[in-house]
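This report refers to the structure that appears directly beneath it.
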2 protein chains.
Amino acid sequence: MATIYEVSELAGVSLATVSRVINNSGKVTPATREKVEAAMRELGYRPNSIAQSLASNRSNSVGVLVPELHGPFFGSMLGSIEDELRAYGKHVIITAGHSDEEKEKDSIGFLVSRQCDALILHVYAVSNDFVTDLHESGTRVALIGRDLPQMAANCICIDNEQGQYLATKSLIELGHTQLAYIAGPLWKSDGQQRMAGFRRALAEHGQPFDERCVAEGNYQEASGQRAMRRLLERRVPFTGLVCANDVMAAGAIVVVRESGMTLPRDLSVIGFDNVFFTRYMHPALSTINYPIAEMGQMAARCVLRDVYGVEGLEIRNRFEPQLVSRGSTALLGA
Amino acid sequence: MATIYEVSELAGVSLATVSRVINNSGKVTPATREKVEAAMRELGYRPNSIAQSLASNRSNSVGVLVPELHGPFFGSMLGSIEDELRAYGKHVIITAGHSDEEKEKDSIGFLVSRQCDALILHVYAVSNDFVTDLHESGTRVALIGRDLPQMAANCICIDNEQGQYLATKSLIELGHTQLAYIAGPLWKSDGQQRMAGFRRALAEHGQPFDERCVAEGNYQEASGQRAMRRLLERRVPFTGLVCANDVMAAGAIVVVRESGMTLPRDLSVIGFDNVFFTRYMHPALSTINYPIAEMGQMAARCVLRDVYGVEGLEIRNRFEPQLVSRGSTALLGA
DNA sequence: GGCTAAAATGTAACCGCTTACATTCCTTTT
DNA sequence: AAAAGGAATGTAAGCGGTTACATTTTAGCC
């Protein structure tokens with residue numbers, strides 16, 4: 001690969017001038033600009049962005065850390081982040097943290113050492129303090145799914161508690177008085193918040209909370225199946241099932257059908273997230289909309305604004321969950 | 001961020017020695033290694049990987065280019081690639097090409113200028129010659145979904161024609177004699193191959209090919225819906241629907257239901273890809289297994305073997321599509 | 001202890017680019 | 001026409017590492 005040196009040689013100018021035309025910085029006579037561009041064309045020159053980063057101390061790349069790459073949820077987020085950043089010529093380095101503290105820290109370390117100009121994080125395992133420390137030590141961070149007062153302007157979040165509350169309330173309003181809940185992992189903040197929303201809805205409508213009607217999962221499909229089996233084994237009857245995410249709901253429904261029930265006649269099920277495949281399910285899954293793509297876009301815009309000085313971007317930090325009623329929930333007894 | 005210079009200062013050794021302990025290269029006395037490690041710990045030192053890349057001319061990162069980031073298909077692929085590479089300390093830079101020639105070339109250029117040690121490509125728009133040129137010019141490339149004789153050892157592929165043949169044959173064997181086909185984009189090679197498989201199955205079973213029973217889509221859901229509407233409008237009756245991928249099948253099924261038909265009684269539908277959500281559909285979608293995650297893993301292994309000299313990896317270049325029969329297809333009239 | 005070879009460590013050039021500052025070249029002004 | 005000032009270009013010092021090669025230390029042996 002040709003270097004800037006060869007270009008300057010061929011064009012008969014100095015390194016600095018070539019650099020100026022590459023970066024459109026400083027003053028360059030149209031004539032010499034043309035000479036340089038011709039030389040670059042002739043050599044098929046592309047600047048070595050590693051060297052650019054090292055010299056300029058910015059890399060035009062932003063690091064993204066998500067829990068998982070597979071599955072429906074984070075793909076949407078990554079897609080919107082890449083789209084938004086790419087429109088401004090920035091690029092994306094992606095790592096998966098697998099909700100493991102070591103791995104999350106390791107990934108962050110990698111992204112930082114990789115000179116990412118900023119980080120967009122959707123993390124679970126790492127503590128709030130770790131994130132604020134990172135932020136306060138000068139690393140530019142946008143956070144999705146957590147709200148930290150010290151860096152509120154860079155947090156993009158949604159009210160999980162309220163979302164689960166809405167979901168639960170919708171079933172109660174359909175006449176269901178016996179509800180079961182498949183919770184997310186209770187060591188994760190959103191898992192706790194969603195559980196709290198479930199309980200609040202029960203409490204507000206004077207319904208008792210029964211531990212036997214709750215099973216904890218880990219947001220993955222198989223855990224939804226296991227949770228459903230456990231719920232059925234306990235033989236406490238219920239007519240409505242609230243799930244902390246769509247994927248577990250899909251898993252649970254497999255088990256529901258295995259045991260001979262029909263949706264929504266024998267059981268109303270509601271999920272959470274509104275991932276794309278919920279509308280392919282039959283009956284289509286009722287759920288709570290979690291605008292993850294839009295949230296990713298907002299995180300990207302935070303970065304564009306704070307780090308790259310792009311102006312005039314509309315940014316929303318807080319999103320409201322919304323009920324999406326579809327065929328999987330129905331009036332009790334209908 | 002501390003630099004190697006500060007570490008050497010604090011440890012009272014030279015830059016070279018610090019570099020040696022970082023890279024475990026050359027001989028270092030246990031005592032001085034300990035001194036250096038202590039200094040690194042004290043300073044919270046992390047090597048600047050940009051500088052390492054520039055100096056050593058390798059970046060320990062591999063670039064991945066996929067058509068899209070959202071959707072079920074490429075997420076699986078990215079997940080397995082990241083897992084495999086990460087196990088060897090390599091990292092992943094991801095870009096989306098959106099099946100557009102300019103964007104694909106631009107992405108490749110970026111990844112190259114980013115000093116990626118290798119590229120894993122799943123591209124559509126760019127020509128075969130472009131890829132082989134890239135390969136022959138010394139860029140390390142692993143190709144998913146295309147088979148180029150000049151670089152067969154670095155191609156990971158599957159027989160699309162055979163897959164679509166199997167899908168079509170399965171419907172014929174269930175007694176269906178009137179089949180419709182929702183094709184993939186016919187300018188993409190896999191779109192053509194799948195179409196060819198559909199036609200071969202018809203021909204082998206003495207069934208005529210009727211253009212009115214074919215509608216072209218672009219692999220996205222909405223195009224599946226549109227295609228289905230077109231097919232219905234033409235009023236040529238059919239009892240079996242073959243789709244070039246699962247996502248379009250899911251879209252088509254929405255329209256099927258809108259028009260009052262029940263699956264699989266009134267229509268048998270089969271997809272292609274076996275993306276994860278097909279088992280959540282109801283009836284679950286029959287399809288052709290396309291082991292995209294495994295193929296991504298193999299591409300990663302190609303890179304590990306060729307570029308990083310990892311030995312003893314089992315690598316498969318060619319995969320066979322397999323029929324997955326589920327509830328969306330049934331015996332005609334059953 | 002003195003000599004030598006091997007092992008450990010140090011020196012300095014280099015990777016390809018950016019950028020502060022120095023220099024040269026035009027214009028303009030008087 | 002000479003001086004002044006601004007525009008264009010050039011020079012060279014980094015950015016933070018790696019690595020070939022030089023130098024020093026250590027160890028082994030007689």
Side-chain angles (χ1 to χ4, degrees), chain A residues 1-40 43-61 89 109-117 138, chain B residues 1-40 43-61 89 109-117 138:
Chain A
M1 193 54 107
T3 73
I4 198 175
Y5 181 78
E6 300 169 44
V7 174
S8 79
E9 188 99 320
L10 182 59
V13 300
S14 72
L15 293 187
T17 302
V18 177
S19 176
R20 286 183 190 106
V21 350
I22 291 171
N23 299 295
N24 264 309
S25 62
K27 300 269 124 201
V28 181
T29 299
T32 74
R33 152 163 277 120
E34 180 44 43
K35 267 195 304 186
V36 172
E37 281 171 348
M40 298 201 298
L43 294 168
Y45 171 75
R46 286 193 72 103
N48 176 324
S49 52
I50 292 286
Q52 288 181 311
S53 300
L54 183 59
S56 65
N57 201 31
R58 55 192 347 259
S59 61
N60 284 319
S61 65
F110 168 74
L111 294 172
V112 168
S113 74
R114 200 75 217 164
Q115 304 294 98
C116 289
D117 297 329
Chain B
M1 191 56 106
T3 73
I4 197 175
Y5 181 78
E6 300 167 46
V7 174
S8 78
E9 187 99 321
L10 181 58
V13 300
S14 73
L15 294 187
T17 301
V18 177
S19 176
R20 287 185 189 104
V21 350
I22 291 170
N23 298 295
N24 263 310
S25 61
K27 300 269 125 201
V28 182
T29 298
T32 74
R33 151 164 278 119
E34 181 43 45
K35 267 195 305 188
V36 172
E37 281 170 348
M40 297 201 298
L43 294 167
Y45 170 76
R46 286 193 71 101
N48 176 326
S49 51
I50 292 286
Q52 287 181 311
S53 299
L54 184 60
S56 65
N57 202 32
R58 55 193 347 259
S59 61
N60 283 320
S61 64
F110 167 75
L111 294 172
V112 168
S113 73
R114 200 74 217 165
Q115 305 293 100
C116 288
D117 296 330

statement: Between CG of A:L15 and C1' of C:dT18 the distance, given in whole Å, is 10 Å
task: Please report, rounded to the nearest Å, how far the P atom of D:dG17 is from the CD atom of B:Q115.
output: 17 Å
field: Any donor-acceptor N/O pair, B:S49 side chain to A:S113 backbone, under 3.5 Å
entry: yes
- prompt: With a non-hydrogen cut-off below 4.0 angstrom, is B:T17 in contact with a base, only sugar-phosphate, or nothing?
  reply: sugar-phosphate
message: Is B:Q52 close enough to D:dG16 that one of its side-chain N or O atoms is under 4.0 Å from OP1 or OP2 there?
response: no
query: Roughly how many Å is it from NZ in A:K35 to C1' in D:dA8, rounded to a whole number?
result: 11 Å
query: Which value, rounded to the nearest 0.5 Å, describes the distance between A:I4 atom CD1 and A:Y45 atom OH?
result: 4.5 Å
message: Whole angstroms only, please: what is the CD1-C1' distance between B:I4 and C:dT11?
response: 14 Å
field: N or O in side chain of A:Y45 less than 4.0 angstrom from C:dC17 OP1/OP2
entry: yes
message: Quick check on C:dC15: is either OP1 or OP2 less than 4.0 Å from any side-chain nitrogen or oxygen of A:T3?
response: no
message: Please report the distance, rounded to the nearest Å, between CD in B:E9 and P in C:dG10.
response: 12 Å
- request: Remember a base hit wins even if backbone is also touched, and classify A:V18 as base, sugar-phosphate or nothing at under 4.0 Å, heavy atoms.
  value: nothing
message: To the closest 0.5 Å, what do you measure between OG1 (B:T29) and CD (B:E34)?
response: 12.5 Å
- prompt: With nearest nucleotides of DNA chain C determined for B:L54 and A:S56 from heavy-atom distances, which residue corresponds to the more 5′ nucleotide?
  reply: B:L54
query: Between D:dT19, C:dG16, C:dT19, which one does the side chain of A:A16 approach most closely?
result: C:dT19
- line: The answer to which of B:N57 and B:T29 contacts DNA chain C further toward the 5' end, by nearest nucleotide, is B:T29
- prompt: Rounded to the Å, how far apart are A:M40 CE and C:dG16 P?
  reply: 17 Å
- request: Among C:dG10, C:dT18, D:dG17, find the nucleotide with the atom closest to the side chain of A:N23.
  value: C:dT18
query: Expressed in angstrom and rounded to an integer, what is the separation of A:R20 atom CZ from C:dC17 atom P?
result: 16 Å
- prompt: Do A:R33 and A:N24 get their side chains close enough for a donor-acceptor pair, meaning under 3.5 Å?
  reply: yes
statement: Of C:dT19, D:dG16, C:dG16, the nucleotide closest to the side chain of B:N48 is D:dG16
task: Mark yes or no for whether A:T32, through its side chain, and A:V28, through its backbone, hold a donor-acceptor pair below 3.5 Å.
output: no
field: Rounded distance in Å - OH (B:Y5) to P (D:dG14)
entry: 12 Å
- prompt: Between C:dT18, C:dC17, D:dG10, which nucleotide gets closest to the side-chain atoms of A:P47?
  reply: C:dC17
statement: Side-chain atoms of A:K27 come closest, of C:dT19, C:dC17, D:dA8, to D:dA8
query: NA contact type, B:T32, heavy-atom cut-off 4.0 Å: base, sugar-phosphate, or nothing?
result: sugar-phosphate
query: Roughly how far apart are A:M40 CE and A:R46 CZ, rounded to 0.5 Å?
result: 11.0 Å
message: Heavy atoms from C-beta onward define the side chain here; which of C:dG10, C:dT19, D:dG14 lies closest to that of A:S19?
response: C:dT19
- request: Determine the contact category for A:S53: base if any of its heavy atoms lies under 4.0 Å from a base atom, sugar-phosphate if only primed atoms, P, OP1 or OP2 are that close, otherwise nothing.
  value: nothing
